[in-house]
Amino acid sequence: MKRPFCKQRIFCMAAAVCLLWSVPSYGAIYNTQNNGEVFTGGTKINGVGVAGLTPEEAKAQIEDLCGNNYTLTLIGADGQKETIRGQEIGLQAALGDGLSQILAEQNENGRISGPAVVNSYDLPMDTYYNGEALRGRLASLEMVSGSNVKKMEDARIAANPNGEGFVIIPETEGNEIDPDRLMEAVSAAVLNHQLTLDLKEAGCYRQVQIRSTDETLNNRLTAMNQLGNISITYHFGETAEVLDGAAISPWILGTDGNTVIVDPNQVAAYVSGLAEKYDTAGKPHLFLTASGQEVTVTGPYGWKINQAAETQELIAAIMTCQSSEREPVYSQTAASRTGNDYGLTYVEVDLGNQHMYLVENGQCILDAPFVSGNVSKGWTTPPGIFGLTYKQRDTVLRGADYASPVKYWMPFNGGIGLHDANWRGSFGGNIYKTNGSHGCINLPPQKAAVLFDHVYKNMPIICHN
């Protein structure tokens with residue numbers, strides 16, 4: 001796998017040891033030594049002294065000082081110093097063309113040197129370093145991971161260690177360095193071949209963002225201390241769920257004037273937890289059948305909290321800063337919160353025995369044989385617990401290949417429902433296996449009429465097999 005390298009074409013500005021010339025303090029010197037094969041006295045290219053060197057020697061010296069032998073000194077906020085060397089991070093430099101042209105121009109101009117002559121030049125340079133190696137070297141710095149590093153902390157609100165309410169914990173300045181900002185600053189320094197980098201000036205230290213005097217923080221503290229003693233009690237039948245001030249306080253973002261600002265995301269998470277705990281729709285239900293067997297049925301019937309609406313209602317309740325008792329907003333309700341949610345009044349549809357039971361207040365007041373979905377054609381009536389959708393007199397049930405007038409229509413699972421079937425001469429037994437319905441529960445007309453008078457919207461319909 002290739003190692004990641006960072007590359008940039010820049011002008012090398014590294015300071016280097018230059019040749020010193022003994023010259024008068026005035027005028028210029030015409031240097032003709034070495035027949036013009038080397039750079040004249042005082043020549044600097046990209047900040048590196050190359051006087052007396054051939055273009056090839058100058059190129060090697062510049063690339064070495066800006067690459068493998070480069071050293072960057074980091075200066076910490078307390079004056080401590082650490083270095084990063086080019087060989088530690090795979091630093092390489094490649095000088096562009098132009099050295100021979102500079103030498104030629106010096107020769108053409110008479111090789112003038114001295115204090116009155118500017119013999120400094122800049123040439124493009126490609127610079128590379130290993131990003132992973134640099135990040136690893138930075139992480140190992142004493143001023144980044146050493147034992148003297150003190151973490152910066154913003155001022156925050158916490159429970160009062162001396163008792164009730166909340167207090168502000170003051171900020172801690174610290175000397176913690178932001179690793180991403182450090183990487184950014186050092187990368188720029190390396191690519192520009194700086195010799196030193198002041199980390200404080202470069203903004204590498206984490207800065208306190210929230211102080212103990214922060215107005216928003218203090219407003220939030222006031223609001224939280226107001227809320228610390230309230231409670232909101234939810235009722236789920238005989239079960240109570242208490243939301244106290246200690247749980248509410250972290251949800252307070254601050255105040256807008258006298259209005260408490262509540263974090264809707266945290267409230268929504270709490271309401272979601274209530275739904276997970278107390279919703280029964282879509283969850284397994286234990287059911288004791290008329291024949292005395294205990295079965296498990298699952299279906300859409302049951303309690304279901306309207307989470308979006310309840311989140312808004314709970315936020316409004318919190319904003320009053322008053323204790324209250326409430327039931328959640330439901331998108332769907334069931335018969336009971338005590339014991340089984342379907343209560344003591346329901347219709348039992350025993351698909352295995354092809355028999356229906358109407359139970360009111362725990363007593364069976366009607367039973368009847370029926371014919372359910374044709375198994376041989378794949379129209380088996382699905383089991384589950386449902387709520388009656390509605391009931392309707394005198395309608396026509398239509399399908400792709402049928403139109404059946406009925407007097408009593410009681411749907412509970414989409415297009416599946418209970419209804420009279422005056423076209424049948426017998427019910428129950430094994431009829432459903434080869435001569436069943438399209439999925440509905442076909443009842444004797446007289447029984448369907450009685451059932452129709454007793455059922456109502458959302459009444460539990462429990463189908464089991």
Side-chain angles (χ1 to χ4, degrees), residues 3-8 10 12-17 47 64-93 127-162 166-218 220-221 224 249-250 253-254:
R3 295 192 304 172
F5 278 85
C6 300
K7 171 183 177 182
Q8 182 172 333
I10 51 99
C12 176
M13 300 304 294
V17 177
D64 184 58
L65 289 173
C66 294
N68 188 59
N69 281 324
Y70 166 78
T71 299
L72 172 65
T73 299
L74 305 178
I75 303 173
D78 298 327
Q80 69 271 42
K81 295 181 180 180
E82 293 187 70
T83 59
I84 296 174
R85 294 176 295 171
Q87 61 262 40
E88 294 176 318
I89 60 173
L91 186 63
Q92 301 175 40
T127 304
Y128 309 81
Y129 68 84
N130 185 317
E132 288 184 0
L134 177 57
R135 192 173 289 278
R137 178 69 185 96
L138 294 178
S140 70
L141 292 172
E142 186 69 19
M143 63 181 73
V144 171
S145 56
S147 59
N148 291 327
V149 174
K150 186 177 182 181
K151 186 177 180 181
M152 183 282 298
E153 292 184 352
D154 287 332
R156 65 194 186 280
I157 296 174
N160 189 340
N162 297 324
F166 300 87
V167 294
I168 291 178
I169 305 298
E171 67 277 6
T172 302
E173 294 291 349
N175 60 350
E176 183 184 9
I177 290 176
D178 183 327
D180 292 332
R181 182 68 190 95
L182 177 65
M183 181 70 178
E184 181 182 344
V186 171
S187 296
V190 168
L191 292 172
N192 285 286
H193 297 90
Q194 293 175 221
L195 296 183
T196 61
L197 176 64
D198 188 309
L199 300 186
K200 186 174 182 179
E201 290 182 0
C204 295
Y205 286 90
R206 293 189 187 277
Q207 300 297 315
V208 170
Q209 302 298 315
I210 303 174
R211 300 186 179 276
S212 59
T213 56
D214 183 83
E215 182 179 357
T216 299
L217 187 68
N218 279 273
R220 183 183 178 193
L221 176 67
M224 289 173 65
S249 294
L253 300 177

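All residue numbers in this chain count up from 1 along the given sequence.
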Taking atom [atom1] of [X] and atom [atom2] of [Y], what is their separation to the nearest 0.5 Å?
{"X": "E176", "Y": "K151", "atom1": "CD", "atom2": "NZ", "result": "6.5 Å"}
{"X": "E171", "Y": "Q209", "atom1": "CD", "atom2": "CD", "result": "11.5 Å"}
{"X": "S212", "Y": "L221", "atom1": "OG", "atom2": "CG", "result": "11.0 Å"}
{"X": "C204", "Y": "L197", "atom1": "SG", "atom2": "CG", "result": "6.0 Å"}
{"X": "N130", "Y": "R135", "atom1": "CG", "atom2": "CZ", "result": "11.5 Å"}
{"X": "I89", "Y": "L91", "atom1": "CD1", "atom2": "CG", "result": "5.0 Å"}

Any donor-acceptor pair under 3.5 Å from [X] side chain to [Y] backbone:
{"X": "N69", "Y": "L65", "result": "no"}
{"X": "D214", "Y": "I210", "result": "no"}
{"X": "Y70", "Y": "Q194", "result": "yes"}
{"X": "N175", "Y": "N148", "result": "yes"}

Can you list, pair by pair, the side-chain donor-acceptor contacts under 3.5 Å of residues 137-147, counting residues two or more places apart and other chains?
{"unit_1": "R137", "atom_1": "NE", "unit_2": "E88", "atom_2": "OE1", "d": "3.3"}
{"unit_1": "R137", "atom_1": "NE", "unit_2": "E88", "atom_2": "OE2", "d": "3.4"}
{"unit_1": "R137", "atom_1": "NH1", "unit_2": "S140", "atom_2": "OG", "d": "3.0"}
{"unit_1": "R137", "atom_1": "NH2", "unit_2": "T83", "atom_2": "O", "d": "3.0"}
{"unit_1": "S140", "atom_1": "OG", "unit_2": "R137", "atom_2": "O", "d": "2.7"}
{"unit_1": "S145", "atom_1": "OG", "unit_2": "A139", "atom_2": "O", "d": "2.9"}
{"unit_1": "S145", "atom_1": "OG", "unit_2": "L141", "atom_2": "O", "d": "3.2"}

Taking the side chain as every heavy atom from C-beta outward, state whether [X] and [Y] have any pair of such atoms under 4.5 Å apart.
{"X": "T127", "Y": "H193", "value": "yes"}
{"X": "K150", "Y": "T172", "value": "yes"}
{"X": "I75", "Y": "L199", "value": "no"}
{"X": "M183", "Y": "L134", "value": "yes"}
{"X": "L191", "Y": "Y129", "value": "yes"}

* **Stepwise side-chain contact (heavy atoms from CB on, under 4.5 Å) test for K200 and Y205** => CA-CA 6 Å; K200 186 174 182 179; Y205 286 90; 4.3 Å; yes
* Asked: What are the two closest heavy atoms between A185 and A202, and how far apart are they?
  ->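 It is CB-CB, 4.1 Å.
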* Steps toward side-chain contact (heavy atoms from CB on, under 4.5 Å) verdict (L217, I157) -> CA-CA 8 Å; L217 187 68; I157 296 174; 3.7 Å; yes
* For L72 and L195, run side-chain contact (heavy atoms from CB on, under 4.5 Å): C-alpha distance rounded to whole Å, both residues' side-chain angles, the deciding distance at 0.1 Å, then the answer. => CA-CA 5 Å; L72 172 65; L195 296 183; 5.9 Å; no
* Give the C-alpha distance, both sets of side-chain angles, the deciding distance and a yes or no for side-chain contact (heavy atoms from CB on, under 4.5 Å) between I84 and T71. => CA-CA 6 Å; I84 296 174; T71 299; over 6 Å; no
* Asked: Who passes salt bridge (Lys or Arg N to Asp or Glu O under 4.0 Å) against D78, sequence neighbours left out?
  ->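 Salt bridge (Lys or Arg N to Asp or Glu O under 4.0 Å) check on D78 returns nothing, list empty.
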* **Lys/Arg N to Asp/Glu carboxylate O, D198 vs K81, below 4.0 Å** => no
* Considering residues at least two apart in sequence or located in another chain, which fulfil the side chain to side chain contact (heavy atoms under 4.5 Å, CB included) criterion with E173? -> V208, R211
